[in-house]
Amino acid sequence: MRVLDGAKAYRLLFSCSKRYASSANRVSSKMAGTDIKFSPTLTRSDPQQKPVLIIGQLRHLNLLKFEQLACKLEPRVSEETFKNAISCLHPAPTDKCSLYLDVASVAALPLKASRHNTASRAHAITRLIKNHVLNVNEEHVVLVCERENIFASACAVARAFPLYSRKTGNGFSTSPTNDGGDAGSHRKCLINIEFVIIDKDGGVECATLNEEEINCLQVTTRAIRLTARIVDTPCNEMNVDHFVQTVQELSKELCIVPQVIRGEELRERGFGGIYGVGKAAAVPPALVVLSHEPKGAQETIALVGKGIVYDTGGLSIKGKTAMPGMKRDCGGAAAILGAFYAAVKCGFKDNLHAVFCLAENSVGPNATRPDDIHTLYSGRTVEINNTDAEGRLVLADGVCYANKDLKANIILDMATLTGAQGVATGKYHGAILTNSEEWEAKSLQAGRKSGDLLAPIIYCPELHFSEFASAIADMKNSVSDRQNAQSSCAGLFVAAHLGFDYHGVWMHVDMATPVHNGERATGYGVALLLTLFGNHTNCALLQSIAPTDEEPPSKRLCRD
């Protein structure tokens, strides 16, 4: 951070800045949570009363005129100070300059974004906000960006403010509320998000965000934070019962009645994967389905989520350093819930189903043993050679149900499936495996537009599915060679129960690593799914960033 000098008032007040920051930290420790509000235009505010942080790419910040931001900075910041601050920014990869104490600042995003990154620089936005927002009673964040990056930038803000906390400082109550905040707290922090939109010609757009766009951003923000809250919540507060209750509460808001299949009914109806994984836990497993079926629907899309509320590994138990953090193993189902909620709120035009495969992979007298054989909903038999490869078992039942019972022609499953995903595609990019090259290209586009990045992994069942060969059953549930495209193989196990001859589109997203950043959940997956299926909604903002039907690279290459 650089601090500009030259103004007498600034030098006189500099000594107060630390006291202000210290006070802000004390207030922050009392905060139960943060509310995020989007505004259609810039509003007038005094930074001394309501701190402001301006974020943008340097080339965009250089296009701004002081009068365009004067309503956020006057009377504390002069035009000369503003220009000097912009000229002092040298992002490497980011940079921040104080305009007035620590309550008015401008920050520059990285200069470059590669073809595998999001042009919005969403990850840098999240980091800047986490590090430099003061968490006082009310403050403002101004995002300077092009219109196509509004959605991803807004989602980046949502990721910076996780909801779940059980800190007990200053005697405040920590009873959970429906939105994941804490009941009984006396104050909450309000973050006002406003946009300055840069047009393609290098000017500032006069057009403001309309009510529909504001609603889309607000709903998506809630969905991302809800998803992150579920993933952050430990199993003693988010077991299968709690997850089902969360689904039911959200479905009431959408006027949808969920279908719930639980416990022994799963076994009776043939869901051997979900039942086998969860039967040893004190709280029985469940398959929960939400269905949105509007008139005039042309397609049926099913989103299937892995909801392992805790994964001990079962009898193939994890080690003491590998088990902490396994509360996050429900990240796929949490993302599906958030995305379903937001999609319906944004006017989804086609049939949309959310299938939650919920279980706790526990240890007990009834636990599945290695060598046990289960018959899954597909009718195929599976020899268990690793009880810690449980996610693919519950997903196999889920995608088969989506095909057989829901008649979906597009099926997408999302899961924190393999640790190998982080090795294959890293901690920022989820892995996409699909039988459709066209939808692989669309998924990659959606990742870049949303900030929930994706990278493709190999789809080659004729070479890889033999890893699951069994002498006594249709297949084993874990590979024989863990060095052979392990993430791809895990996804192919799921596809096998759908059938490699399935004529619809199947997509598998493994997001084991991007589901969290450090000790906090990211809400990964919500923005990705809303963008990927943006053309299936009535929301103009989502339609504008939805992937196009361009030809996949290999088709162009073959023709050339």
Side-chain angles (χ1 to χ4, degrees), residues 38 40 55-57 60 109 113-126 143-159 193 195-200 205 207-224 227 301 303 335 338-350 352 410 412 414 428-430 432 438-455 507 509 514 522-550 552:
F38 293 91
I55 300 176
Q57 296 177 43
H60 293 156
L109 296 169
S114 74
R115 70 183 186 278
H116 290 145
N117 197 2
T118 169
S120 66
R121 282 78 160 166
H123 299 84
I125 293 174
T126 302
L143 298 171
V144 183
C145 64
E146 295 176 351
R147 183 167 286 275
E148 65 179 10
N149 292 325
I150 287 175
F151 182 77
S153 300
C155 293
V157 175
R159 298 184 193 106
I193 309 299
F195 289 90
V196 174
I197 304 171
I198 305 297
D199 63 30
K200 296 297 184 182
E205 281 192 17
T208 60
L209 297 182
N210 59 41
E211 184 177 349
E212 181 194 75
E213 291 168 329
I214 292 293
N215 179 66
C216 174
L217 298 181
Q218 208 72 56
V219 165
T220 303
T221 293
R222 184 187 177 195
I224 290 172
T227 296
I301 299 167
L303 308 176
F340 180 89
Y341 165 80
V344 174
K345 283 286 190 179
C346 290
F348 207 83
K349 297 182 291 186
D350 289 312
L352 181 65
I410 299 175
L412 182 147
M414 182 171 283
Y428 298 109
H429 295 69
I432 175 70
E438 288 79 6
W439 279 89
E440 178 183 281
K442 287 183 177 183
S443 298
L444 300 181
Q445 282 187 60
R448 291 191 294 270
K449 291 289 188 181
S450 66
D452 283 343
L453 298 170
L454 283 176
M507 290 173 278
V509 176
T522 59
Y524 181 96
V526 174
L528 172 67
L529 295 176
L530 290 175
T531 305
L532 180 61
F533 298 111
N535 282 327
H536 295 265
T537 72
N538 289 314
C539 177
L541 178 59
L542 293 178
Q543 290 174 2
S544 70
I545 58 173
T548 58
D549 291 325
E550 66 179 27

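- Note: Trp439 and Phe533 have tilted aromatic rings, judged against thresholds of 30 and 60 degrees for the angle between ring planes.
- Rounding to the nearest 0.5 Å places CD of Glu440 at 11.5 Å from CD of Gln445.
- Within the 3.5 Å criterion, the main-chain N or O of Ala156 finds a donor-acceptor partner in the side chain of Thr126.
- Summarising the geometry, atom CG belonging to Leu454 is positioned 8.5 Å from atom CG belonging to Leu532; distances are rounded to the nearest 0.5 Å.
- In this pair, His116 and His429 present their aromatic rings perpendicular. The plane angle is above 60°, beyond the 30 to 60° band.
- Judged by distance alone, with hydrogens and angles left aside, the side-chain atoms of Asp452 form no donor-acceptor pair with the main-chain N or O of Tyr524 at under 3.5 Å.
- Looking at every heavy atom in both residues, Leu109 comes nearest to Gln57 through CD1-N, 4.0 Å.
- Looking at Leu209 and Phe38, their side chains never come closer than 4.5 Å, going by heavy atoms from C-beta outward.
- For the pair Ile197 and Ile150, the tightest heavy-atom approach, listed with the atom from each and the gap, is CD1-CD1, 3.7 Å.
- Between atom CZ of residue Arg222 and atom OG1 of residue Thr227 there is a gap of 11.0 Å, rounded to the nearest 0.5 Å.
- Listed for the Gln543 side chain is a donor-acceptor partner under 3.5 Å among the backbone atoms of Thr537.
- Val526 and Ala223 make their closest contact through CG1-CB, 3.8 Å (heavy atoms, listed as atom of the first residue, atom of the second, distance).
- Of all heavy-atom pairs spanning Gly430 and Pro514, the tightest one is N-CG, 3.8 Å.
- Tyr428 pairs by the ring-ring contact (aromatic ring centres under 6.0 Å, His included) definition with His123, not counting sequence neighbours.
- Among Leu143, Thr221, Ile224, Ile55, the one residue that satisfies the side chain to side chain contact (heavy atoms under 4.5 Å, CB included) test with Val157 is Leu143.
- Looking at Asp199 and Arg147, no side-chain N of the basic residue comes within less than 4.0 Å of a carboxylate O on the acidic one, giving no salt bridge.
- To the nearest 0.5 Å, atoms CG (Leu528) and NZ (Lys449) are separated by 14.0 Å.
- Between the CG atom in Leu529 and the CE atom in Met507 there is a gap of 8.5 Å [rounded to 0.5 Å].
- Smallest separation of non-hydrogen atoms from Cys346 and Cys216: SG-SG, 4.1 Å.
- Between Leu541 and Glu212 the shortest side-chain heavy-atom distance does not fall below 4.5 Å.
- Of the inter-residue distances, the one linking Arg448 atom CZ with Thr118 atom OG1 reads 9.0 Å to the nearest 0.5 angstrom.
- Taking each heavy atom of Ile214 and Pro40 in turn, the nearest pair found is CD1-N, 3.8 Å.
- Looking at heavy atoms from C-beta onward, Glu438 lies out of side-chain contact with Asp549 at the 4.5 angstrom threshold.
- By the salt bridge (Lys or Arg N to Asp or Glu O under 4.0 Å) test, Lys345 is found to be paired with Glu253, residues two or more places apart in sequence or in another chain being considered.
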